[in-house]
4 protein chains.
Amino acid sequence: MLKPITKKMDLLETSLSLFVDQGIQKTSMAQISKKSGVAVGTIYHHFKSKEELIEGVYLYILDDLGKHIAFKEDEIVLDFKERFSLLWMKGFNYYIKYPNRFRFHDTYSYSPLIPNSLREYARAFYQTAFDFVEEGISKKILIDTHPVLIMRWLYNSLATIIQIKLDNEFGVTDKMVSTTLEMTWQSLTYKTEE
Amino acid sequence: MLKPITKKMDLLETSLSLFVDQGIQKTSMAQISKKSGVAVGTIYHHFKSKEELIEGVYLYILDDLGKHIAFKEDEIVLDFKERFSLLWMKGFNYYIKYPNRFRFHDTYSYSPLIPNSLREYARAFYQTAFDFVEEGISKKILIDTHPVLIMRWLYNSLATIIQIKLDNEFGVTDKMVSTTLEMTWQSLTYKTEE
Amino acid sequence: MLKPITKKMDLLETSLSLFVDQGIQKTSMAQISKKSGVAVGTIYHHFKSKEELIEGVYLYILDDLGKHIAFKEDEIVLDFKERFSLLWMKGFNYYIKYPNRFRFHDTYSYSPLIPNSLREYARAFYQTAFDFVEEGISKKILIDTHPVLIMRWLYNSLATIIQIKLDNEFGVTDKMVSTTLEMTWQSLTYKTEE
Amino acid sequence: MLKPITKKMDLLETSLSLFVDQGIQKTSMAQISKKSGVAVGTIYHHFKSKEELIEGVYLYILDDLGKHIAFKEDEIVLDFKERFSLLWMKGFNYYIKYPNRFRFHDTYSYSPLIPNSLREYARAFYQTAFDFVEEGISKKILIDTHPVLIMRWLYNSLATIIQIKLDNEFGVTDKMVSTTLEMTWQSLTYKTEE
DNA sequence: TATGAATGAGGATTCATTCAT
DNA sequence: GATGAATGAATCCTCATTCAT
């Protein structure tokens, strides 16, 4: 009963890995078939087309990311800054744990290969994070600017340090990670004194 | 005598526009030929392969961006914060003026379609900006962290507001732009509490 | 179960015929596809590239020739001259029966289109004939010279009369064929004057 | 005044060398232009088309070969066997001196790339050799068979030993060369005693 | 004559998708 | 569901030839 789910997951993981390494279009269905050990015809039982497979990968990552960063019950009670740091670190840890997923998001989120309809879906998906941001603004903890700006700023702040870590140009220390988090916090909150 | 340069530029501009609209791989040489009015064979006189054409587009943008953001003589004398704002705004204005160039950089800089050798080249190219960042750090104006982190942070701060503006989700006001610049400055200059 | 073999054979025969009539390079995969009734893509299922198809044709002929000229059990007991004539006539009959195969061998065996690795293979393949030649030399029936010289001489003697017959310049009589065989034998067995 | 002739010769030699190394069709006019240092357009001043260039190479070799093997005045007086050996050795020496010319003849004489009209021409060209062969037959020195058979036999006997020498499989000694000549003579002349 | 940029038809090859088993 | 051979449109690229300079 779990077989089909596993096979679908296998396909998603294999595709993700090939997409990230070679680019989506340079990855042929035959290649995915070969690497995953699933016959070409069988892939088409699970995904109607290559496009649907790409979307599948996109949604799969989005969905899983959502599960990982959602606040648990005991976390909801934390104060805003604590939850802010927690959210950021959860995102960070998730992407570091699954580098391919980060690469995929970072490369294809704005590419023409991802239909706009999916991006709409993603927006809805980020609602929790959105609510969190609006809570910060209304509590006058976060600066008063457009929530979308803050959302993107958050993602890009994460992306900055993760890109560096994955590029592996030099060792990224925990210090640098916490510095980046601090930079993000500093940039989004009011300075109390001159 | 300027003819060939013009033709090459035409090809670069046409390619850029198609690459950004449809994706690099979905853009065929035949399409570029048709839209640019240059025969396929002629494209191959100027660029040995599609790959070289892609690289050409990448380098062309990089080069031109460099010219636009370089400090002029009378700007060198400005104090650090002024030059910081100037540099950021130059980048912002450049990308807003040439949205396709931003889209191209933003989508393909880290894609497998751009060979690593080119990224090396880009790194050397950004040397000026790099020197500027290091000046800030050594003068204790910018926080003491890895210059590469600051460089990427700068690019991503620009990217954040430009993405929003180009996505045209809602009007981006000058206020939001200056807020973003201010966020960037704040994040890079905060004082650690003693 | 024999289907795929048949299809591969069809492709080989069609290719052979086109290669011989128009030259290998002037024969396009599209032409082979059309004449054989096999889709272009399907050809590439059986042969990874045009080059491999060419090699396939070469090896196919070589292999079949080998089967035809091998001595049967009751032939091994014949004396040397009888086996010599038999071998030569088998070669002659084979090539006359399959003129395209002769044309192919004669035109492309030494062309740059056939990789040297294949020629190595062919050499190994001719081992039987080689052994036969060496038997003749060691029995002092054939003149004492390099076996390779004799091997090529044999092939070229065959080629001479077949070329004429296929060029159809004039009727080639059985008499001429036996004369050519006799010439070959004479040239390889003459007695040096003491 | 000799310039154009030289340039034309350069082109012929360059083409010959490329044709032999890579095959005629894989050799592009651009390649010939590059290797010879003659602009593409200029090649077309000397040869109306690639086909004419190929024919030019063919005829150039044929012509030069003719000059080299023609009997000089003092050679005409030699007896038949002496002239026979002389002719054969002239052919041998010529091809060994110009291996590419041999390779070209050997590969393309019967290829579809050489139009039949040229072969007709070649036949006329070989008239001298033809006359010589007929002299031998009518004098009852050469065996009484079709002169064309003897002509081809002669060429193939030469080809045998030259192929081996050029293939460089092993050292070809003078002894082997004279053996091959002797084989040729033995095969074409009557045996006086049983 | 000499040049080489420009042309575009034609060639080899790939690949998403289908379908009979 | 699973398979993978078969398909042919579409892609990148080559190249003989022309022509303006």
Side-chain angles (χ1 to χ4, degrees), chain A residues 3-4 7-8 24-34 36-54, chain B residues 1 3-4 7-8 11 24-34 36-54, chain C residues 1 3-4 7-8 11 24-34 36-54, chain D residues 3-4 7-8 24-34 36-54:
Chain A
K3 270 273 181 62
K7 186 162 273 184
K8 202 164 178 175
I24 289 184
Q25 309 231 28
K26 272 197 179 157
T27 302
S28 67
M29 297 302 270
Q31 246 182 318
I32 296 170
S33 156
K34 198 174 172 186
S36 65
V38 176
V40 183
T42 310
I43 300 180
Y44 279 85
H45 278 289
H46 293 283
F47 302 93
K48 272 205 316 224
S49 65
K50 188 181 182 184
E51 201 179 320
E52 206 168 82
L53 174 57
I54 298 167
Chain B
M1 185 153 261
K3 272 269 181 64
K7 186 160 271 182
K8 206 164 178 176
L11 282 171
I24 288 183
Q25 313 229 34
K26 274 202 176 153
T27 303
S28 69
M29 297 303 268
Q31 248 181 316
I32 296 172
S33 158
K34 197 173 172 184
S36 65
V38 175
V40 182
T42 308
I43 301 180
Y44 281 87
H45 263 278
H46 293 283
F47 304 93
K48 277 208 301 235
S49 63
K50 187 180 182 183
E51 200 177 320
E52 206 170 83
L53 174 58
I54 298 168
Chain C
M1 185 155 263
K3 272 271 182 62
K7 186 161 270 183
K8 207 167 178 175
L11 282 172
I24 288 183
Q25 312 229 32
K26 275 203 175 151
T27 302
S28 70
M29 296 303 267
Q31 249 182 316
I32 296 172
S33 157
K34 198 173 175 186
S36 65
V38 175
V40 183
T42 309
I43 301 181
Y44 281 87
H45 262 279
H46 294 282
F47 303 93
K48 277 207 302 234
S49 63
K50 187 180 182 184
E51 200 178 321
E52 207 169 82
L53 174 57
I54 297 168
Chain D
K3 272 271 181 62
K7 187 163 271 183
K8 202 164 181 177
I24 288 183
Q25 310 231 28
K26 271 198 180 158
T27 302
S28 67
M29 297 303 268
Q31 247 182 316
I32 296 171
S33 156
K34 199 174 173 186
S36 64
V38 176
V40 183
T42 310
I43 301 181
Y44 279 85
H45 279 289
H46 293 283
F47 302 94
K48 273 205 316 223
S49 66
K50 188 181 183 185
E51 201 179 320
E52 206 168 82
L53 173 58
I54 298 168

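Any value given below was found using the heavy atoms of this structure, including those in side chains, with hydrogens, waters and symmetry copies removed. Each chain gets a letter, A, B and so on, in the order its sequence line appears, and its residues count up from 1.
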Between [atom2] on [N] and [atom1] on [X], what's the gap in Å once rounded to a whole number?
X	N	atom1	atom2	value
I43(B)	dA5(E)	CD1	P	16 Å
F47(B)	dA5(E)	CZ	P	14 Å
K34(B)	dT11(F)	NZ	C1'	16 Å
E52(D)	dA16(F)	CD	P	15 Å

(message) I need the minimum non-hydrogen distance between H46(D) and K7(D), along with the two atoms involved.
(response)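 Where H46(D) meets K7(D) most closely, the heavy atoms are NE2-CD, 3.9 Å.
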(request) Check for a donor-acceptor pair, side chain of E52(C) on one end and backbone N or O of S49(C) on the other, with a separation under 3.5 Å. (result) no
(message) Check whether K50(C) reaches the backbone of I24(C) with its side chain - one donor and one acceptor, N or O, closer than 3.5 Å.
(response)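 Side chain of K50(C) to backbone of I24(C): a pair is present.
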Can you pull every protein N or O that's under 3.5 Å from an N or O on nucleotides 12-14 of chain F?
residue : atom : partner : partner atom : Å
dC12(F) : OP1  : K50(B)  : NZ           : 2.7
dC12(F) : OP2  : M29(B)  : N            : 3.0
dC13(F) : OP2  : Y44(B)  : OH           : 2.8
dC13(F) : OP2  : K50(B)  : N            : 2.9

Whether [X] contacts [N] is assessed here as follows: a side-chain N or O lying under 4.0 Å from the phosphate OP1 or OP2. Is that the case?
X	N	result
T42(A)	dG1(F)	no
H46(C)	dA5(F)	no
K7(D)	dA2(E)	yes

(message) Could you measure the distance from the CG atom of L53(A) to the CE atom of M29(A)? Nearest 0.5 Å is fine.
(response) 5.5 Å
Can you give me every donor-acceptor pair (side chain of residues 36-45 of chain B, partner residue at least two apart or in another chain, under 3.5 Å) with its distance?
residue : atom : partner : partner atom : Å
S36(B)  : OG   : I32(B)  : O            : 2.7
S36(B)  : OG   : S33(B)  : O            : 3.4
S36(B)  : OG   : V38(B)  : N            : 3.3

(request) Specify the residue among K26(A) and Q31(C) whose closest nucleotide of DNA chain E lies further upstream toward the 5′ end. (result) Q31(C)
(request) Fill in the dot-bracket string of DNA chain E, one character per base: . for unpaired, | for a pair to another strand, ( ) or [ ] for pairs within the strand, taking Watson-Crick or G-U pairs under 3.5 Å. (result) .||||||||||||||||||||
(message) When you measure only distances, ignoring hydrogens and angles, does the side chain of H45(C) come within 3.5 Å of the base of dA6(F) through a donor and an acceptor?
(response) yes
